Number of protein chains: 2
Amino acid sequence: MNSRAPENVLIAHGHRLTEPRQRLIAILSQWPSRFSAGELVKAARKAEPPIGRATVFRTLGLLLELGIVERVRGADDSEGYVVARRGDHHHHLVCSSCGRVEDLPLCPVEGRLKELAAERRFQVQGHNLEVYGLCEGCVKADEK
Amino acid sequence: MNSRAPENVLIAHGHRLTEPRQRLIAILSQWPSRFSAGELVKAARKAEPPIGRATVFRTLGLLLELGIVERVRGADDSEGYVVARRGDHHHHLVCSSCGRVEDLPLCPVEGRLKELAAERRFQVQGHNLEVYGLCEGCVKADEK
DNA sequence: CGCCCAGGTGATACTAAGTATCAATTTAGC
DNA sequence: GCTAAATTGATACTTAGTATCACCTGGGCG
């Protein structure tokens with residue numbers, strides 16, 4: 001089966017596949033786009049039976065750590081989450097108009113960054129890049 | 001005089017140079033490194049006369065908008081601020097051991113990013129890059 | 001199958017980081 | 001110095017996240 005399915009990743013890392021977690025994953029898998037912690041808490045509270053706030057945050061942290069969910073920050077420093085669509089290194093193109101998040105699989109930083117940091121004797125461990133602008137749809141809407 | 005002095009930038013943008021703002025700028029100019037909102041609020045509250053919490057946040061927002069202060073995020077998603085040391089486009093090398101923040105004036109993203117985004121028909125408005133790792137001092141300390 | 005217990009849950013309470021409101025005060029130009 | 005507009009500070013509220021702790025349950029074991 002799909003070893004990248006959240007349920008399997010959870011188990012592979014020695015976590016239990018509890019009922020609240022499964023239901024939370026189900027909620028997330030249906031999520032259309034970016035969401036905030038509060039939105040997820042609200043959806044979880046509305047579920048039947050409801051999932052507690054603490055569990056939502058704990059599970060969110062777990063999914064974040066396992067790379068199943070990613071934190072996204074928009075141009076205005078707004079925070080949010082998205083369900084990860086790829087497991088490898090990538091970045092995000094965040095639309096500042098509609099909030100949509102696209103993946104940018106090719107990293108425009110690698111290589112160049114290494115040289116720059118080496119000159120400074122800075123030992124790079126990782127980096128985070130968020131690109132913001134207008135997605136194709138919003139550019140068109142803007143032109144009208 | 002120095003047109004990049006916070007006081008002058010404030011005035012140049014039509015803001016008033018009030019006493020609380022001046023004192024807050026004075027506090028910031030002495031700040032050794034990265035700070036959190038809470039730390040600044042505490043320092044402002046200890047000042048004589050104290051500066052109110054709301055004013056601290058409003059002023060912080062203003063200084064952020066004017067580029068006098070910058071938001072910095074570490075590897076662990078920790079948030080913080082630093083007083084900007086340069087006014088042009090740059091990024092940050094954040095030490096995940098000591099928290100020190102260095103400026104990276106050469107942008108390793110420009111150019112490459114434009115091509116990549118163009119292929120995707122994404123209209124780039126800006127980007128944010130944080131690099132984390134170990135600063136020169138912490139690399140040495142680590143080797144011992 | 002049923003026991004057992006570590007890992008997980010949910011209620012509650014707490015902290016940090018902001019935002020909103022509004023009456024009282026101050027600034028800067030006239 | 002006067003006045004309008006900007007700013008302040010107190011207070012209350014919101015969102016995000018952590019801490020605690022008694023209770024519950026998933027799943028390995030006999």
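Letters A, B, ... are given to chains in the order of the sequence lines, protein chains preceding strands, and every chain is numbered from 1. Everything numeric here is computed off the predicted structure, so don't read it as measured data. We use all heavy atoms of the structure for the numbers below, so side chains are in, but hydrogens, waters and symmetry mates are not.
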To the nearest 0.5 Å, how far apart are CZ in A:R73 and CZ in B:R71? 9.5 Å

Euclidean distance, atom NE2 of residue B:H13 to atom P of D:dA6 [Å, nearest integer]: 17 Å

Is the number of heavy atoms from other residues, nucleotides or ligands under 6.0 Å of B:R85 CZ greater than 12? yes

To the nearest angstrom, how far is A:F35 atom CZ from D:dA16 atom P? 11 Å

Atom-to-atom span, CG of A:D76 to P of C:dA17 - whole angstrom: 19 Å

Working to the nearest 0.5 angstrom, can you tell me the gap between B:L129 CG and B:H91 NE2? 5.0 Å

Using whole Å, what does the distance between atom P of nucleotide C:dT27 and atom CD of B:Q22 come to? 9 Å

Could you tell me how far apart A:L24 (CG) and C:dT9 (C1') are, to the nearest whole angstrom? 12 Å

Rounded off to whole Å, could you give me the CG-to-C1' distance for the B:L10 and C:dT26 pair? 15 Å

Pairs flagged by salt bridge (charged side-chain N to carboxylate O under 4.0 Å, His left out) wherever residues 44-55 of chain A is involved - sequence neighbours left out: none

Protein proximity profile, nucleotides 17-30 of chain D - base contact B, sugar-phosphate-only contact S, no contact -, cut-off 4.0 Å on heavy atoms: BB-B----BBS---

A:H92 ring center near B:H127 ring center (under 6.0 Å): no

Are the side chain of B:R34 and the backbone N or O of B:G99 linked by a donor-acceptor pair below 3.5 Å? yes

Protein-nucleotide distance (B:K42, atom NZ; C:dA17, atom C1'), rounded to Å: 14 Å

Rounded to whole Å, the CZ-P distance (A:R23 to C:dG8) equals 17 Å

